Visitor: 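Here it is, the structure in full.
This structure is a prediction, so every number in the text was calculated from the model and none was measured. Sequence lines set the chain letters: A, B, ... in the order given, protein chains first and strands last, and positions in each chain run from 1.
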2 protein chains.
Amino acid sequence: MSSQNPNARTRILNAAWNLLEKGGSKVRMSDIAKAAGVSRQAVYLHFPSRAELLIETTRHIDEAKAVDDRLAPSRAATNGRERLQLFVEAWAGHIPEIYGVGRALMAMQDNDEEARKAWGDRMQAVRHGCAAAVSALAADGELRSGLTEEKATDLLWTLLSVRNWEQLTLEAGWSQEEYLTALKDLAFRGLTDTAD
Amino acid sequence: MSSQNPNARTRILNAAWNLLEKGGSKVRMSDIAKAAGVSRQAVYLHFPSRAELLIETTRHIDEAKAVDDRLAPSRAATNGRERLQLFVEAWAGHIPEIYGVGRALMAMQDNDEEARKAWGDRMQAVRHGCAAAVSALAADGELRSGLTEEKATDLLWTLLSVRNWEQLTLEAGWSQEEYLTALKDLAFRGLTDTAD
DNA sequence: TCAAGAACTTGACACTGTGTAAAGTTGACA
DNA sequence: TGTCAACTTTACACAGTGTCAAGTTCTTGA
């Protein structure tokens with residue numbers, strides 16, 4: 001029973017990731033332990049609670065998926081419209097990667113203050129990205145009249161929510177491609193005066 | 001300990017409604033029983049499970065709030081644009097009324113098939129309303145080119161989701177008024193070629 | 001080579017909330 | 001007076017999280 005290649009902590013994180021990605025949603029600590037080839041108690045040796053484990057799993061995914069690289073093109077955009085488009089593309093592409101854990105974390109929000117805060121922080125980060133795109137749009141004078149930067153940010157942030165992705169792809173059956181074009185469209189129509 | 005005015009069943013439904021509206025979200029069967037002035041077991045005499053109780057509570061609210069009356073103006077609209085506007089107003093106005101129970105029901109979806117189906121049914125009913133509005137719009141030739149009725153319906157349905165209402169009002173702090181105008185705006189911009 | 005310690009395992013238990021079961025109480029009504 | 005329905009009280013099974021304590025095994029360093 002010697003430990004496999006990566007250390008136990010990493011194996012646990014990978015196990016959690018895999019199981020949550022399959023989406024069974026009812027992923028218990030014991031399931032994760034079993035998948036990691038470790039006892040249930042060993043999981044608590046590395047993570048104090050289920051919430052912490054899930055939060056660490058999102059960090060683990062971010063690292064593996066190089067989230068920052070994904071956002072780089074958007075930050076390098078030379079005008080507001082380009083920035084908005086690239087930001088939407090980046091985030092929309094990232095959603096499916098974190099959806100599994102995100103779903104579990106969202107489900108815990110009512111019971112677990114820690115989980116609530118962790119997921120809230122992540123969503124605030126997305127909001128910052130939205131604010132930057134809106135700000136670039138405003139700088140170009142492209143922001144629709146009758147819309148403050150604040151409100152435009154909230155609107156974009158809401159359009160890009162994980163729940164909306166979930167509803168359109170998983171419930172309504174849209175392809176990722178359809179989702180992406182519809183959302184870019186909606187963002188431009190909602191935030192600017194001339195659609196792209 | 002004689003029973004108060006309304007019969008126990010009604011008192012339980014009202015208690016559930018009240019508690020869920022306050023939003024504590026962690027509303028247990030025992031909380032509801034206590035608020036109804038009844039033993040926890042008595043609740044099970046009237047409702048087989050927590051899911052059933054919540055579902056019955058939504059029906060109870062519908063009855064009390066006369067949901068159908070709310071939709072009537074929309075159905076009586078004489079053109080597509082009017083129909084869309086009135087539908088959005090009706091549903092947007094109804095969301096705060098059912099949000100408390102809706103939240104609890106949404107939280108149960110992962111664990112409880114019954115709850116999943118019940119909430120899903122309600123959301124399908126909303127989708128039908130969306131479809132009717134989109135259809136009226138299409139009949140007037142007002143539906144944006146490049147958008148099928150199906151896709152337009154999904155889009156509207158998603159815009160009008162309870163989660164979006166939750167995010168904009170409860171999380172972003174918008175007033176109901178701000179939410180309503182922004183959503184009407186977004187719906188017209190997203191579905192038609194000329195904004196209202 | 002032995003001792004210490006880190007990393008784990010095994011097994012037991014407390015806690016919460018849902019749902020089930022059974023026996024007792026109360027009031028209305030025939 | 002007796003019976004039925006509506007309720008109460010008490011007890012328990014079950015799932016899943018998290019805690020605790022006592023082993024085992026493997027490594028490392030004096």
Visitor: Nearest-Å distance, CZ (R11(B)) to C1' (dC7(D))?
Guide: 10 Å
Visitor: Salt bridge check, R116(B) against D112(B): does any charged N sit closer than 4.0 Å to a carboxylate O?
Guide: no
Visitor: Taking atom types as they are modelled, would you say the side chain of R40(B) forms a donor-acceptor pair with the base of dG17(C) within the 3.5 Å cutoff?
Guide: no
Visitor: What is the minimum heavy-atom distance between F87(B) and S74(B), and which atoms define it?
Guide: CB-OG, 3.6 Å
Visitor: Starting at atom CZ of R9(A), determine the distance to atom P of dA6(C), rounded to an integer number of angstrom.
Guide: 18 Å
Visitor: Quick one: list whatever passes salt bridge (Lys or Arg N to Asp or Glu O under 4.0 Å) with R28(A), sequence neighbours left out.
Guide: D31(A)
Visitor: Identify each donor-acceptor pair in which a side-chain atom of residues 65-72 of chain B lies under 3.5 Å from a protein atom, sequence neighbours left out, and give them as a table.
Guide:
from	atom 1	to	atom 2	distance (Å)
R70(B)	NH1	E97(B)	OE1	3.2
R70(B)	NH1	E97(B)	OE2	2.7

Visitor: Could you list the donor-acceptor pairs under 3.5 angstrom formed between side-chain atoms of residues 100-111 of chain A and any protein atom two or more places apart in sequence or on another chain?
Guide:
from	atom 1	to	atom 2	distance (Å)
R103(A)	NH1	G23(A)	O	3.0
R103(A)	NH2	D110(B)	OD1	3.2
D110(A)	OD1	R103(B)	NH2	3.2

Visitor: Starting at atom CD of E114(B), determine the distance to atom C1' of dG19(C), rounded to an integer number of angstrom.
Guide: 13 Å
Visitor: Distance check needed: dT16(C) C1' versus N111(B) CG, whole Å only.
Guide: 14 Å
Visitor: Could you walk me through whether Y99(B) and L20(B) pass the side-chain contact (heavy atoms from CB on, under 4.5 Å) test, one step at a time?
Guide: CA-CA 9 Å; Y99(B) 175 67; L20(B) 289 165; over 6 Å; no
Visitor: M108(A) has an atom CE; how far is it from atom P of dG16(D), in whole Å?
Guide: 14 Å
Visitor: Is there any ring-ring contact (aromatic ring centres under 6.0 Å, His included) pair reaching into residues 16-62 of chain B, and which pairs are they, with sequence neighbours excluded?
Guide: W17(B)-H60(B)
Visitor: Whole Å only: how far is the CD atom of E52(A) from the P atom of dT19(D)?
Guide: 12 Å
Visitor: How far does CD of E82(B) sit from OG1 of T78(B), to the nearest 0.5 angstrom?
Guide: 4.5 Å
Visitor: Starting from the first five and the last five pairs of the helix from dT1(C)-dA30(D) to dA30(C)-dT1(D), work out the angle between the resulting helix axes, to 10 degrees.
Guide: 20°
Visitor: Could you identify which residues of residues 41-50 of chain A place a heavy atom less than 4.0 Å from some atom of DNA chain C, listed by residue number, or say none?
Guide: Q41(A), A42(A), L45(A), H46(A)
Visitor: Taking 4.0 angstrom as the limit, do E56(B) and R9(B) come out as a salt bridge?
Guide: yes
Visitor: What integer distance in Å separates K26(B):NZ from dC15(C):C1'?
Guide: 12 Å
